[in-house]
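Notes follow the structure.
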Amino acid sequence: MKIDHIGIAVKSIDEAKNFYKALGLELRDIEIVKEQGVKVGFLKIGKSNIELLEPLNENSPVFKFIEKRGGGIHHIAIEVNNIEFALTMLKEKGFKLINEKPEIGAHGKLIAFVHPKSTGGVLLELCQIKK
Ligand code: CMX
């Protein structure tokens with residue numbers, strides 16, 4: 001396993017990228033993930049990424065998050081080898097899944113979220129490269 005990315009909710013990727021550019025991190029792979037209601041952009045840092053998340057509309061979960069908290073760290077994504085197995089195992093152990101079945105996320109990866117209420121306040125994303 002590894003940390004695939006840390007998701008940061010922003011009002012505008014275009015505005016937020018300036019801070020990361022000053023740090024020497026270049027924005028790349030901008031993508032609209034319609035299914036998740038977000039526009040995303042990645043900043044590669046070592047073997048992981050920072051993912052900037054901009055809501056596409058008011059129905060996006062990221063829009064709600066920004067309204068409530070004004071943006072900031074939104075989720076941590078852990079890459080696993082077998083997402084179906086990881087979800088079954090977490091469910092069996094009593095953790096609350098947001099997605100019982102994986103959905104398609106950025107880069108065409110399989111993704112699924114675990115509810116922050118059952119993880120001690122951290123929205124956790126599991127992701128797996130599609131085989
Ligand atoms: N981190 C920690 N806590 C969070 C949270 C987050 N990102 N988002 C919401 N919460 C908390 C809220 O503060 C709230 O807590 P309280 O009841 O104590 O106030 C509780 O969870 C419920 O929040 P809510 O605003 O009522 O939101 P919903 O229940 O409607 O949805 C969540 C919350 C996490 C299920 C929803 O944001 C979600 O499904 N997120 C996953 C989808 C997503 O974020 N997709 C974009 C990423 C795409 C990608 O990476 O490719």
Side-chain angles (χ1 to χ4, degrees):
M1 287 194 290
K2 68 162 192 176
I3 293 185
D4 183 77
H5 64 263
I6 294 176
I8 298 183
V10 298
K11 281 187 187 151
S12 155
I13 289 180
D14 209 41
E15 281 172 24
K17 72 174 188 219
N18 296 326
F19 167 67
Y20 297 97
K21 196 172 180 187
L23 269 175
L25 300 175
E26 283 296 330
L27 183 70
R28 54 187 210 176
D29 296 347
I30 295 178
E31 189 184 333
I32 304 270
V33 189
K34 222 172 161 188
E35 299 82 356
Q36 298 290 328
V38 288
K39 177 176 166 186
V40 300
F42 288 88
L43 303 135
K44 191 166 167 50
I45 180 159
K47 289 185 177 171
S48 300
N49 288 277
I50 289 173
E51 178 189 43
L52 300 180
L53 300 149
E54 177 185 316
L56 283 181
N57 52 52
E58 294 188 3
N59 299 323
S60 167
V62 175
F63 179 84
K64 209 169 168 186
F65 181 87
I66 292 174
E67 283 283 287
K68 218 168 166 180
R69 306 190 189 196
I73 294 181
H74 179 260
H75 66 265
I76 293 179
I78 295 178
E79 186 183 294
V80 294
N81 285 328
N82 185 337
I83 194 167
E84 298 266 5
F85 174 77
L87 288 172
T88 305
M89 185 200 63
L90 288 173
K91 193 176 175 185
E92 270 175 19
K93 291 187 175 166
F95 297 100
K96 189 178 168 194
L97 306 180
I98 294 168
N99 311 106
E100 301 255 334
K101 288 274 163 210
E103 296 184 350
I104 302 295
H107 296 147
K109 285 184 183 176
L110 298 173
I111 64 167
F113 287 89
V114 185
H115 203 285
K117 288 287 171 198
S118 74
T119 62
V122 177
L123 175 59
L124 183 77
E125 177 184 330
L126 298 172
C127 65
Q128 182 208 302
I129 297 168
K130 225 172 161 187
K131 287 169 189 160

Report the distance from atom [atom1] of [X] to atom [atom2] of [Y], rounding to the nearest 0.5 Å.
| X | Y | atom1 | atom2 | value |
| --- | --- | --- | --- | --- |
| Gln36 | Glu125 | CD | CD | 7.5 Å |
| Cys127 | His107 | SG | NE2 | 10.5 Å |
| Thr119 | Ile76 | OG1 | CD1 | 9.0 Å |
| Glu54 | Phe63 | CD | CZ | 12.0 Å |

*Taking His115 for its side chain and Lys117 for its backbone only, find out whether a donor-acceptor pair lies under 3.5 Å.*
yes
*asked:* His74: which residues meet the ring pair (Phe, Tyr, Trp, His ring centres under 6.0 Å) condition with it, sequence neighbours left out?
replied: Phe65
_Going by ring pair (Phe, Tyr, Trp, His ring centres under 6.0 Å), name the residues that satisfy it together with Phe113, two or more places apart in sequence or in a different chain._
His75
Do you know the tightest heavy-atom contact between [X] and [Y]?
| X | Y | value |
| --- | --- | --- |
| Gly108 | Glu31 | N-OE2, 4.5 Å |
| Leu52 | Ala16 | CD1-CB, 4.2 Å |
| Phe42 | Glu51 | CZ-OE2, 3.5 Å |
| Pro55 | Ile66 | CD-CD1, 3.8 Å |
| Pro102 | Ala112 | CA-CB, 4.3 Å |
| Ile111 | Gly105 | CD1-CA, 3.7 Å |

Same cluster or not: are [X] and [Y] linked, directly or through other Ile, Leu, Val, Met, Phe, Trp or Tyr residues, by side-chain heavy atoms under 4.5 angstrom apart?
| X | Y | value |
| --- | --- | --- |
| Val33 | Ile13 | no |
| Met89 | Ile83 | yes |
| Ile8 | Val38 | no |
| Ile30 | Leu43 | yes |
| Ile73 | Leu53 | no |

*Is atom CD of Glu58 surrounded by more than 12 heavy atoms (other residues, nucleotides or ligands) closer than 6.0 Å?*
no
_Please check if the number of heavy atoms outside Ile32 that lie under 6.0 Å from its CD1 is greater than 12._
yes
_Those residues that, when tested against Asp14, pass salt bridge (charged side-chain N to carboxylate O under 4.0 Å, His left out) (two or more places apart)_ = Lys17
*For Lys39, check salt bridge (charged side-chain N to carboxylate O under 4.0 Å, His left out) against everything at least two apart and list the hits.*
none
Sub-4.5 Å side-chain heavy-atom contact between [X] and [Y]:
| X | Y | answer |
| --- | --- | --- |
| Glu15 | Val10 | no |
| Leu123 | Ile98 | yes |
| Ser48 | Ile6 | no |
| Glu26 | Lys21 | yes |

_Enumerate the salt bridge (charged side-chain N to carboxylate O under 4.0 Å, His left out) contacts for residues 81-106, please, sequence neighbours excluded, ordered by first and then second residue._
Glu84-Lys101, Lys91-Glu100
*For Lys130, side chain to side chain contact (heavy atoms under 4.5 Å, CB included) partners two or more places apart*: Ile104, Leu110
_Candidates Asn81, Leu126, Ile78 - the one meeting side-chain contact (heavy atoms from CB on, under 4.5 Å) with Met1_ = Ile78
